[in-house]
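Remarks on the structure that follows.
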Amino acid sequence: KLTVLPAAVARLSGLRTLILSDNSLTSLPGEIGELSQLRVLEAERNQIASIPDEIANCKNLENVRVGYNKITDLSALADCDNLVTLVVDGNALDSLESLNLQKKQRLVTLSAKKNGIESVPADLGKCQLLAEIFLNDNKIGDLAIIEALLTRGASPNAADKDGWTALLLAAKHGHAECAAALVGAG
């Protein structure tokens, strides 16, 4: 298994996809920021503690999957405005505020399951294309997530592939406050 990504990776100036998942990396070199054509970075299931600030130089970056690491802060991604997919499941995050979501106008999927996130980011509603949000198994209450989605314009009557609406699921699982919020929304 790979334990270090050499700084020489910067010589691959035309690299568009870098998949490093299922290794033993503890860090990514700052030189990764020199990969100006990079569109996809996958480094899931490693031991990475932080994302280098230089990643902000990867202006074409669209897909970042760094789930199941030890990441505590996402501020390095604050200026990665072309993100379409961001997966940070299973890290040590307590907030998404440093992401600067209001600038992520192309973001479609945000998955931050199994962290210690305590609140829905205030600027989540600014992501107009956001179609998938996964925040389960955090410290956020279900009601906070529902209220954030409803405020953003989510339909309280939308059903999943099996025909279950959020209201039916809330009632089935005894979440009275969530059910009341959904009924009040339509």
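The CG atom of N100 sits 10.5 Å away from the OG atom of S75 when rounded to the nearest 0.5 Å. Residue C127 holds its SG atom at 13.0 Å from CZ of R106, rounded to the nearest 0.5 Å. To the nearest 0.5 Å, the span separating SG on C80 from CD on E62 amounts to 11.5 Å. N57 contributes atom CG, which lies 10.5 Å from atom CG of L35 (distance to the nearest 0.5 angstrom). Atoms OG and CD1, from S50 and I55 in turn, are 11.0 Å apart once rounded to the nearest 0.5 Å. Rounded to the nearest 0.5 Å, atoms NZ (K114) and CG (N136) are 8.0 Å apart.
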Let's go through S98 and D73 carefully: what are the C-alpha distance in whole Å and the side-chain angles of both, what is the deciding distance for side chain to side chain contact (heavy atoms under 4.5 Å, CB included) to 0.1 Å, and is it a yes or a no?
CA-CA 7 Å; S98 65; D73 179 51; 3.3 Å; yes
Side chain to side chain contact (heavy atoms under 4.5 Å, CB included) between N115 and D94, worked out
CA-CA 7 Å; N115 280 284; D94 60 12; over 6 Å; no
Could you check I117 against L96 for side chain to side chain contact (heavy atoms under 4.5 Å, CB included), going step by step and ending with a plain yes or no?
CA-CA 7 Å; I117 298 168; L96 296 175; 3.7 Å; yes
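In this structure, the side chains of Y68 and D89 come closer than 4.5 Å at one or more pairs of heavy atoms. Using a 4.5 Å cut-off on side-chain heavy atoms (C-beta onward), T26 and T3 make no contact. Between V88 and R65 the shortest side-chain heavy-atom distance does not fall below 4.5 Å. Side-chain contact check for L107 versus L129: every heavy-atom pair is 4.5 Å or farther apart. You'll find the side chain of L86 reaches within 4.5 Å of the side chain of L99, heavy atoms only. Looking at heavy atoms from C-beta onward, L167 lies in side-chain contact with V183 at the 4.5 angstrom threshold. Looking only at side-chain heavy atoms (C-beta outward), I51 and I71 come within less than 4.5 Å of each other. Under the 4.5 Å side-chain criterion, counting only non-hydrogen atoms from C-beta, I32 is in contact with P52.
With hydrogens and angles disregarded, a donor-acceptor distance shorter than 3.5 Å links the side chain of N91 to the backbone of K70.
The two atoms that bring P6 and P29 nearest to each other are O-CG, 4.2 Å, heavy atoms only. For Q47 against N69, the heavy-atom pair with the smallest separation is N-OD1, 3.3 Å.
The hydrophobic cluster containing L25 also contains L61, counting ILVMFWY residues as joined when their side-chain heavy atoms lie under 4.5 angstrom apart, directly or transitively. Tracing side-chain contacts under 4.5 Å through hydrophobic residues (I, L, V, M, F, W, Y), one reaches V9 starting from I48; they form part of the same cluster. In the hydrophobic cluster analysis, where Ile, Leu, Val, Met, Phe, Trp and Tyr join through side-chain heavy atoms closer than 4.5 angstrom, V87 is grouped apart from L41.
No donor-acceptor contact under 3.5 angstrom links the side chains of T85 and N63, judged on distance only.
Considering K104, Q105, E97 as possible partners of L101, the one that fulfils the side-chain contact (heavy atoms from CB on, under 4.5 Å) test is K104.
Of the charged side-chain nitrogens involved, none lies within less than 4.0 Å of a carboxylate oxygen, so that D137 and K113 do not count as a salt-bridged pair.
In this structure, K59 places its NZ atom where more than 12 heavy-atom neighbours from other residues, nucleotides or ligands lie under 6.0 Å away.
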Residues 10-22, side-chain donor-acceptor partners within the protein, below 3.5 Å, at least two apart:
residue, atom, partner, partner atom, Å
S21, OG, E44, N, 3.0
D22, OD1, R45, NE, 2.6
D22, OD2, R45, NH2, 3.2

